[in-house]
Amino acid sequence: MEHLERCAWVLRGTLVRAAVRRYLPWALAASMLAGSLLKELSPLPESYLSNKRNVLNVYFVKVAWAWTFCLLLPFIALTNYHLTGKAGLVLRRLSTLLVGTAIWYVCTAIFSNVEHYTGSCYQSPALEGVRNEPLSKQQCHGQGGFWHGFDISGHSFLLTFCALMIVEEMAVLHEVKTDRSHCLRVAITALVVALGFLTFIWVWMFLCTAVYFHNLSQKVFGTLFGLLGWYGTYGFWYLKSFSPGLPPQSCGSNLKQDSYKR
């Protein structure tokens with residue numbers, strides 16, 4: 001338990017700072033551009049992480065929203081109830097996960113439709129022998145063909161959105177005091193460690209996407225959707241009274257608003 005608390009203390013000191021929430025979006029955008037330029041101008045040699053079947057991609061990134069949802073749900077419930085003691089407010093804050101799910105669903109549906117309407121079916125990965133008959137992506141693959149369209153980077157979108165959402169929700173740790181409850185301290189400590197490591201995985205895999213996969217325009221659109229999903233909620237809608245609201249903070253929402261305007 002001592003090692004877990006030490007790890008949680010380090011992660012809290014790293015991820016809960018206001019500076020992280022303020023500059024992480026810019027850091028993600030900059031690293032996406034830098035990684036994309038590196039991929040175009042001086043590609044890195046193939047590695048384990050450039051293989052789509054690597055463990056982090058298959059068991060984490062492919063189900064990134066499920067991991068984020070399942071860990072944020074108990075974290076938001078425990079920390080918000082500890083601070084407010086009101087089940088109604090906790091349920092209201094938990095609705096942020098439903099909003100996030102809707103954003104994930106709508107954006108991935110948009111990406112799929114864009115790839116469908118801009119794509120064609122080819123006979124080889126080299127984009128030779130285009131098939132003129134109307135086919136969907138699934139039909140193309142079912143007939144042994146290769147579908148090529150404008151494939152907006154779902155990884156860039158989802159990893160951006162998930163990482164930013166986690167650090168926003170972890171801001172509540174500024175107010176949480178668990179000295180009087182051993183069980184609560186253990187639960188929150190474990191969740192902080194899990195969410196902290198998950199955030200580092202998302203950022204790391206975002207960088208891997210930047211240097212190994214997709215082209216620049218596909219990653220720009222993907223990252224832009226992630227940033228808009230985050231800012232549209234935490235930077236705009238959640239500041240309104242008719243919304244799930246921001247994580248409870250004793251300093252009030254004015255300081256939070258100011259941090260987005262800087």
Side-chain angles (χ1 to χ4, degrees), residues 25-26 28-44 46-47 49-54 56-58 60-69 99-165 202-233 236:
W26 297 102
L28 290 173
S31 60
M32 179 273 297
L33 292 173
S36 299
L37 289 175
L38 180 65
K39 178 179 182 294
E40 297 297 326
L41 301 177
S42 182
L44 295 178
E46 296 293 317
S47 71
L49 291 173
S50 67
N51 185 340
K52 293 182 179 180
R53 302 300 302 172
N54 72 73
L56 291 178
N57 193 54
V58 172
F60 285 90
V61 179
K62 292 288 187 182
V63 285
W65 180 245
W67 278 105
T68 303
F69 186 102
V99 174
T101 301
I103 291 173
W104 162 74
Y105 181 82
V106 170
C107 288
T108 52
I110 290 172
F111 299 167
S112 178
N113 280 315
V114 168
E115 185 182 13
H116 172 74
Y117 288 112
T118 61
S120 298
C121 187
Y122 295 85
Q123 294 179 2
S124 73
L127 307 184
E128 299 172 342
V130 63
R131 301 183 179 184
N132 294 321
E133 66 271 20
L135 293 172
S136 68
K137 181 179 179 180
Q138 291 73 23
Q139 291 172 329
C140 177
H141 288 166
Q143 296 181 17
F146 298 86
W147 188 266
H148 180 73
F150 189 74
D151 183 18
I152 298 175
S153 176
H155 281 26
S156 296
F157 152 68
L158 192 55
L159 296 175
T160 297
F161 183 65
C162 287
L164 292 173
M165 185 173 182
W202 295 163
V203 172
W204 175 248
M205 293 307 292
F206 178 85
L207 297 175
C208 290
T209 300
V211 299
Y212 286 122
F213 303 105
H214 291 278
N215 62 39
L216 175 60
S217 59
Q218 292 167 350
K219 285 176 284 193
V220 166
F221 276 100
T223 305
L224 183 61
F225 270 90
L227 292 173
L228 288 175
W230 157 75
Y231 187 78
T233 50
F236 181 73

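Counting begins at 1 with the first residue of the sequence.
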| Once you round to the nearest 0.5 Å, how far does CE of Met32 lie from OG1 of Thr209? | 11.5 Å
| task | Please lay out, stage by stage, how Asn57 and Leu49 fare under the test side chain to side chain contact (heavy atoms under 4.5 Å, CB included). | result | CA-CA 8 Å; Asn57 193 54; Leu49 291 173; over 6 Å; no
| request: First locate atom OH of Tyr212, then atom CG of Leu38, and finally report the distance between them rounded to the nearest 0.5 Å. | output: 9.0 Å
| remark: In terms of heavy-atom contacts, Ser36 and Leu216 come closest through CB-CD1, 3.5 Å
| task | Compare all side-chain heavy atoms of Val61 with those of Leu158 and state whether any distance is below 4.5 angstrom. | result | no
| query | Do you know which two heavy atoms are closest between Ser31 and Ala210, and how far apart they sit? | reply | O-CB, 4.0 Å
| task | Rounded to the nearest 0.5 Å, what's the gap from NE2 on His155 to NZ on Lys62? Could you check? | result | 5.0 Å
| task | Give the minimum heavy-atom separation between Ile152 and Gly222, together with the two atoms involved. | result | CG2-N, 3.6 Å
| disulfide bond (SG atoms under 2.5 Å apart) partners of Cys208, counting only residues at least two apart | none
| request: Give the ring-plane orientation class for Trp65 versus Phe69, where under 30° counts as parallel, over 60° as perpendicular and anything between as tilted. | output: perpendicular
| Can you list the steps and then say if Thr118 with Asp151 is a side chain to side chain contact (heavy atoms under 4.5 Å, CB included)? | CA-CA 9 Å; Thr118 61; Asp151 183 18; over 6 Å; no
| For the side chain of Thr68 and the backbone of Ala64, is there at least one donor-acceptor N/O pair under 3.5 Å apart? | yes
| field | Least distance between heavy atoms, Cys140 atom then Tyr122 atom | value | SG-N, 4.4 Å
| remark: Nearest heavy-atom approach of Asn54 to Met205 is OD1-CE, 4.0 Å
| query | Does some side-chain heavy atom of Thr223 sit less than 4.5 Å from a side-chain heavy atom of Leu159? | reply | no
| side chain to side chain contact (heavy atoms under 4.5 Å, CB included) between Phe225 and Phe161, intermediate numbers included | CA-CA 8 Å; Phe225 270 90; Phe161 183 65; over 6 Å; no
| Any donor-acceptor pair under 3.5 Å linking the side chain of Lys219 with the backbone of Phe213? | yes
| query | Judged by atom type as modelled, is there a donor-acceptor pair below 3.5 Å linking the side chain of Lys137 to the main-chain atoms of Ser112? | reply | no
Please list every donor-acceptor pair under 3.5 Å in which a side-chain atom of residues 102-111 meets a protein atom from a residue at least two apart or in another chain.
from, atom 1, to, atom 2, distance (Å)
Thr108, OG1, Trp104, O, 2.8
Thr108, OG1, Tyr105, O, 3.0

| Phe150 vs Gln218 side-chain heavy atoms within contact, under 4.5 Å | yes
| query | Do Phe221 and Val114 come within less than 4.5 Å of each other through their side chains, counting heavy atoms only? | reply | no
| query | Hey, are the side chains of Phe206 and Ser156 touching, using non-hydrogen atoms and a 4.5 Å cut-off? | reply | yes
| How are the rings of Trp147 and His116 set relative to one another: parallel (under 30°), tilted (30 to 60°) or perpendicular (over 60°)? | parallel
